[in-house]
Enquirer: 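A single structure is presented below for examination.
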2 protein chains.
Amino acid sequence: MTSSRPDGQRSPTLEEVAEWAGVSRSTVSRVINGVSTVDPELRELVQRAIDATGYVPNLAARSLVTRRTDSVALVVSEPDDRTEQTEPFLNRIFTDPFLGRITAGALEVLRPEGIHLVIMPAESPAHHHVLRYLRQGHVDGVLLISSSDEDPLPQQLCDLGIPAVLSARPGKPLPMSYVDVEQQVGAKLAAEHLLAIGRHHLATISGPLDMPSSQDRLAGFRAALAVHGHAYVPSAAGNFTRASGEQAARELFAAHPEIDGLFVANDLMAEGALQALRDLGRRVPEEVAVVGFDNSIAALQCRPRLTTIHQPLEEMAAEMARLLLARIGKADPKPRSVIFHPRLVKRESA
Amino acid sequence: MTSSRPDGQRSPTLEEVAEWAGVSRSTVSRVINGVSTVDPELRELVQRAIDATGYVPNLAARSLVTRRTDSVALVVSEPDDRTEQTEPFLNRIFTDPFLGRITAGALEVLRPEGIHLVIMPAESPAHHHVLRYLRQGHVDGVLLISSSDEDPLPQQLCDLGIPAVLSARPGKPLPMSYVDVEQQVGAKLAAEHLLAIGRHHLATISGPLDMPSSQDRLAGFRAALAVHGHAYVPSAAGNFTRASGEQAARELFAAHPEIDGLFVANDLMAEGALQALRDLGRRVPEEVAVVGFDNSIAALQCRPRLTTIHQPLEEMAAEMARLLLARIGKADPKPRSVIFHPRLVKRESA
DNA sequence: GGTATTCCAGGGAGCGCTCTCTCCAAGGTC
DNA sequence: GACCTTGGAGAGAGCGCTCCCTGGAATACC
């Protein structure tokens with residue numbers, strides 16, 4: 001039960017709590033921080049003092065000494081060259097179920113540790129802004145969702161010695177921990193499923209080609225088909241939004257009306273493609289089979305429901321958080337990477 | 001050009017920069033903070049020292065003195081009683097374009113002021129966690145997106161004297177600034193449009209009924225129809241997700257197959273309703289006209305494109321930020337509210 | 001030329017906490 | 001009973017910064 005202080009008044013300090021309890025500042029500090037060498041009776045007394053005064057430790061003072069803030073940032077970064085897009089960055093990241101799943105997974109690990117997560121969008125013009133925030137020491141480390149291999153942020157964090165973990169293999173080799181899914185294997189799963197259900201004219205809608213994960217999915221799809229004698233695979237690139245998927249599908253079918261199997265690099269674009277196919281009067285899956293990627297909520301919300309490649313984003317984010325905490329705890333410089341396995345989820349679209 | 005320090009080494013302090021430049025700590029501090037009473041030559045020298053050492057002010061030390069952090073939180077709150085839902089909270093908020101628009105609008109105002117925005121989801125079991133974060137003084141104030149009139153968070157922030165601005169009229173009167181849109185007027189616009197295009201059997205899908213804004217939209221719709229002699233208006237409540245809109249539409253049309261005009265309390269649910277109508281074989285807008293609310297990107301992505309009520313979320317969020325900054329600057333306790341006007345955006349669905 | 005005034009750099013206190021070091025008291029050992 | 005060990009509380013320094021106050025140099029005034 002905290003007594004609410006009258007407005008504008010400063011919150012009580014350790015010293016005041018100590019006075020209330022008739023002990024020293026040190027003892028109160030020990031109680032707050034759970035140091036065991038405190039007489040149980042005193043501990044009880046101090047606890048009452050804390051409750052009575054409504055004491056909350058002053059973060060600034062504490063972290064000035066400890067050099068810890070007990071919070072980490074989830075930074076969603078966007079490179080320069082993709083800023084001029086139909087859909088604004090913030091719209092995109094807050095519309096894709098992706099971010100919600102990452103957040104959920106990270107919180108799963110961070111909350112029990114008492115660590116706060118702050119989410120910061122970092123589209124390119126505001127990069128320096130976010131960088132300043134991170135350098136000022138607001139957070140102990142960062143979970144970095146970086147989408148382009150041209151993104152300077154990973155390198156910058158590295159240089160500054162700010163603990164960070166990436167959400168995917170970095171474009172350029174970097175001494176940083178990261179988490180990833182076997183992108184190529186996922187694409188292969190999709191390819192082989194499409195072949196297995198008897199499709200012969202396959203095509204793919206990829207993500208932005210400056211992203212390693214997009215490159216991998218595209219390469220994986222092509223490689224798997226090459227093994228089965230398909231030398232040429234039409235493809236079009238989107239930017240992971242529904243609208244871009246719709247657009248890409250239109251282009252693809254305009255140029256290659258014979259396509260009967262489509263692998264789309266995420267579910268949102270697949271949903272857009274489904275839209276395009278409906279407009280074009282192509283029945284799914286009868287005439288065209290569609291496989292997505294992510295197994296997000298979007299895959300369940302479209303008609304027909306999407307066959308897709310599941311990637312365990314929540315677990316991946318949780319692992320990112322674990323890697324980050326390990327890195328923050330000991331200044332252990334050797335980076336680790338953890339790779340997850342994708343799997344095919346069969347539904348109606350293929 | 002900042003020189004990158006070798007890993008693990010602490011960042012330089014004011015004192016070190018002062019030594020480099022051969023001046024006092026105070027002078028460097030003045031340069032950093034843009035105090036004008038510094039000799040231009042010295043200023044120049046100090047600036048070189050700052051660049052050379054790669055100095056960044058230590059936030060903890062600074063805010064220990066200034067009691068400011070130059071960051072504010074965007075807290076998205078969720079009450080207890082709505083936690084057991086089909087779609088997890090994080091999925092919901094990170095799928096609705098709503099949050100992206102709010103963020104964009106707030107950043108528009110905050111970034112030029114050099115103020116950082118940190119986003120924190122606060123579903124009920126983690127409420128105390130977020131509250132602790134706020135009380136510790138991580139931020140100077142909070143933009144609160146609170147959805148239920150049962151939500152204790154606004155009251156708590158009030159009691160703690162933490163500057164905050166609400167995104168909507170609070171359920172219970174509270175001495176807090178807020179921003180809102182004329183919900184009832186918006187609903188009236190929808191009602192009158194549906195009547196104007198000759199619909200007679202009107203129904204509505206509302207948001208969660210513990211939200212003042214949902215209540216207002218529902219009441220406004222009913223009131224407008226009452227004026228035109230419609231005493232009974234079937235309604236079903238959703239939770240602002242696509243899936244819930246689909247579900248609600250199914251229920252509504254099962255019970256009232258005669259419905260020919262539907263007002264849905266947000267675009268996402270309207271999209272779900274469109275889905276349901278497609279499944280039911282009802283043509284939109286020929287057999288059933290549908291009007292949404294928000295004018296979000298979702299309204300453009302569905303087929304037929306959605307006629308909807310526009311609310312200027314970006315401007316509203318910007319105004320929230322402005323109100324908050326005013327509140328933080330001077331400890332001016334008198335709350336203000338700013339109400340925005342909705343308007344009808346005609347597209348294909350009605 | 002001496003004194004009052006202005007300007008601007010430096011000195012020092014102190015923000016609220018942690019953490020080490022010191023010190024006292026109680027218990028154990030011979 | 002004198003000495004040593006140990007448990008647990010208090011004292012004090014110091015984290016890096018801001019901000020007030022002081023003081024010296026430069027300028028203005030009589």
Side-chain angles (χ1 to χ4, degrees), chain A residues 5 8-47 49-50 53-71 114 132 135-138 140, chain B residues 5 8-50 53-71 114 132-133 135-138 140:
Chain A
R5 288 156 290 106
Q9 201 170 311
R10 273 225 311 291
S11 65
T13 70
L14 253 199
E15 199 88 43
E16 284 159 34
V17 178
E19 194 178 350
W20 197 102
V23 299
S24 75
R25 196 167 12 108
S26 307
T27 303
V28 181
S29 175
R30 278 189 275 262
V31 171
I32 300 274
N33 294 298
V35 176
S36 59
T37 65
V38 177
D39 188 284
E41 227 165 282
L42 266 191
R43 174 183 300 278
E44 172 90 5
L45 175 63
V46 169
Q47 193 57 56
I50 292 171
T53 52
Y55 173 76
V56 179
N58 178 306
L59 170 84
R62 168 180 281 175
S63 77
L64 181 55
V65 180
T66 60
R67 310 191 160 280
R68 294 249 342 216
T69 62
D70 288 336
S71 44
R132 180 151 58 87
R135 295 186 67 191
Q136 281 182 336
H138 277 96
D140 299 333
Chain B
R5 289 157 292 103
Q9 202 169 312
R10 274 224 310 291
S11 66
T13 70
L14 253 200
E15 199 88 45
E16 284 159 33
V17 178
E19 194 178 350
W20 196 101
V23 299
S24 76
R25 195 169 13 108
S26 307
T27 303
V28 180
S29 175
R30 276 188 276 262
V31 172
I32 301 275
N33 294 298
V35 176
S36 59
T37 65
V38 177
D39 189 285
E41 227 165 285
L42 265 193
R43 175 182 299 278
E44 172 89 4
L45 175 64
V46 169
Q47 193 57 57
R48 269 206 304 279
I50 292 169
T53 52
Y55 173 77
V56 179
N58 178 307
L59 171 85
R62 168 180 282 172
S63 76
L64 180 55
V65 179
T66 60
R67 310 190 161 280
R68 294 248 344 216
T69 63
D70 286 337
S71 42
R132 180 151 58 88
Y133 182 87
R135 295 185 69 189
Q136 282 182 336
H138 277 96
D140 299 332

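A, B, ... follow the sequence lines: proteins, then strands. Residue 1 opens every chain.
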Enquirer: Could you check if a side-chain atom of A/His138 sits within less than 4.5 angstrom of a side-chain atom of A/Ser71, using non-hydrogen atoms only?
Expert: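 They are not in side-chain contact.
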Enquirer: Quick one, which residues of residues 38-49 of chain B touch DNA chain C with a heavy atom under 4.0 Å?
Expert: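 Close to the strand are B/Val38, B/Asp39, B/Leu42.
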Enquirer: Restricting to non-hydrogen atoms, name the atom on A/Leu64 and the atom on B/Ala61 that form the minimum distance, rounded to 0.1 Å.
Expert: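 So the two residues come closest at CD1-CB, 3.6 Å.
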Enquirer: Note down the inter-axis angle between the two ends of the helix from C/dG1-D/dC30 to C/dC30-D/dG1, five pairs each, to the nearest 10°.
Expert: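 The angle, to the nearest 10 degrees, is 50°.
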Enquirer: Provide, to the nearest angstrom, the distance between the CG atom belonging to B/Leu14 and the P atom belonging to D/dC15.
Expert: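 Going from CG in B/Leu14 over to P in D/dC15 covers 13 Å.
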Enquirer: Kindly indicate whether the side chain of B/Gln136, heavy atoms from C-beta on, has any atom under 4.5 Å from the side chain of A/Val56.
Expert: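 Yes, their side chains come closer than 4.5 Å.
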Enquirer: Using every non-hydrogen atom in the two residues, find where A/Arg43 and A/Val38 come nearest and quote the distance to one decimal.
Expert: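 Reported closest heavy-atom pair: NH2-CB, 3.7 Å.
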Enquirer: To the nearest Å, how far apart are B/Gln136 CD and C/dC17 P?
Expert: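 Roughly 11 Å, once rounded to whole Å.
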Enquirer: Once salt bridge (Lys or Arg N to Asp or Glu O under 4.0 Å) is applied, what residue pairs with a partner in residues 25-38 of chain B remain, sequence neighbours excluded?
Expert: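 Qualifying pairs: B/Glu15-B/Arg25.
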Enquirer: Does anything in residues 21-29 of chain A reach DNA chain C, meaning a heavy atom under 4.0 Å, and if so which residues?
Expert: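 Under 4.0 Å from DNA chain C: A/Arg25, A/Ser26, A/Ser29.
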Enquirer: For DNA chain D, find the residues of residues 57-65 of chain B with a heavy-atom distance under 4.0 Å and give them by number; none if there aren't any.
Expert: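 Those residues whose heavy atoms fall under 4.0 Å from DNA chain D, taken from residues 57-65 of chain B in numerical order, are B/Pro57, B/Asn58, B/Ala61, B/Arg62, B/Leu64, B/Val65.
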Enquirer: State which residues pass side-chain hydrogen bond (donor to acceptor under 3.5 Å, both in side chains) with B/Thr66; sequence neighbours excluded, sorted by chain then number.
Expert: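 With sequence neighbours excluded, B/Thr66 shows a side-chain hydrogen bond (donor to acceptor under 3.5 Å, both in side chains) to no residue whatsoever.
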Enquirer: State which residues pass side chain to side chain contact (heavy atoms under 4.5 Å, CB included) with B/Glu19; sequence neighbours excluded, sorted by chain then number.
Expert: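 Residues passing side chain to side chain contact (heavy atoms under 4.5 Å, CB included) with B/Glu19: none at all.
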Enquirer: Taking atom C1' of C/dT18 as reference, at what distance in whole Å does atom CD1 of A/Ile32 sit?
Expert: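 Distance check: A/Ile32 CD1 to C/dT18 C1' gives 12 Å.
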Enquirer: Quick check: any donor-acceptor pair below 3.5 Å linking the side-chain of A/Arg67 to the base of D/dG16?
Expert: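 In this structure, the two groups form no donor-acceptor pair.
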Enquirer: Ignoring hydrogens and geometry, is there a side-chain-to-backbone donor-acceptor pair from A/Asn58 to A/Ala60 under 3.5 Å?
Expert: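 Flag set: sc A/Asn58 to bb A/Ala60 pair under 3.5 Å.
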Enquirer: Find the distance A/Tyr55:OH to C/dG16:C1' and express it as a whole number of Å.
Expert: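 These atoms are roughly 7 Å apart.
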Enquirer: Looking only at heavy atoms, which two atoms of A/Val28 and A/Ala18 are closest? And how far apart?
Expert: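 Here A/Val28 and A/Ala18 meet closest at CG2-CA, 3.6 Å.
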Enquirer: Rounding to a whole Å, what distance do you find between B/Glu15:CD and C/dG12:C1'?
Expert: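 Taking atom C1' of C/dG12 as the reference, CD of B/Glu15 is at 12 Å.
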Enquirer: By the salt bridge (Lys or Arg N to Asp or Glu O under 4.0 Å) test, which pairs, at least two apart or in different chains, include something from residues 31-41 of chain B?
Expert: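 Pairs touching residues 31-41 of chain B that pass the test: none.
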Enquirer: Could you list, one pair per line, each protein nitrogen or oxygen that sits under 3.5 Å from a nitrogen or oxygen of nucleotides 24-26 of chain D, together with the distance?
Expert:
none

Enquirer: What residues form a side-chain hydrogen bond (donor to acceptor under 3.5 Å, both in side chains) with B/Thr27, not counting sequence neighbours?
Expert: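 For B/Thr27, the residues satisfying side-chain hydrogen bond (donor to acceptor under 3.5 Å, both in side chains) (neighbours in sequence not counted) are B/Ser24.
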Enquirer: Listed by chain and number, what are the side chain to side chain contact (heavy atoms under 4.5 Å, CB included) partners of B/Glu44, not counting sequence neighbours?
Expert: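 Residues passing side chain to side chain contact (heavy atoms under 4.5 Å, CB included) with B/Glu44: B/Arg48.
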Enquirer: With B/Asp140, which residues qualify under side-chain hydrogen bond (donor to acceptor under 3.5 Å, both in side chains), at least two apart?
Expert: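 Counting only residues at least two positions away or on another chain, B/Asp140 forms a side-chain hydrogen bond (donor to acceptor under 3.5 Å, both in side chains) with B/Arg68, B/Thr69.
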Enquirer: Considering non-hydrogen atoms only, spot the tightest contact between B/Gly54 and A/Arg135 and give its length.
Expert: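 Smallest interatomic distance, heavy atoms only, reads O-NH2, 3.3 Å.
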Enquirer: Taking all atoms of both residues into account, what is the closest heavy-atom pair of B/Tyr55 and B/Ile32, and its distance?
Expert: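 Distance-wise, the nearest heavy atoms are CE2-CD1, 3.5 Å.
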Enquirer: Using every non-hydrogen atom in the two residues, find where A/Ala21 and A/Leu45 come nearest and quote the distance to one decimal.
Expert: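 Shortest heavy-atom separation between A/Ala21 and A/Leu45 comes out as O-CD2, 3.2 Å.
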Enquirer: Which whole-number value in Å describes the distance from B/Arg68 CZ to D/dT18 P?
Expert: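 Spelled out: CZ on B/Arg68 to P on D/dT18 is 13 Å.
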Enquirer: When the distance from CZ of B/Arg30 to P of D/dC20 is rounded to whole Å, what number comes out?
Expert: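 Going from CZ in B/Arg30 over to P in D/dC20 covers 11 Å.
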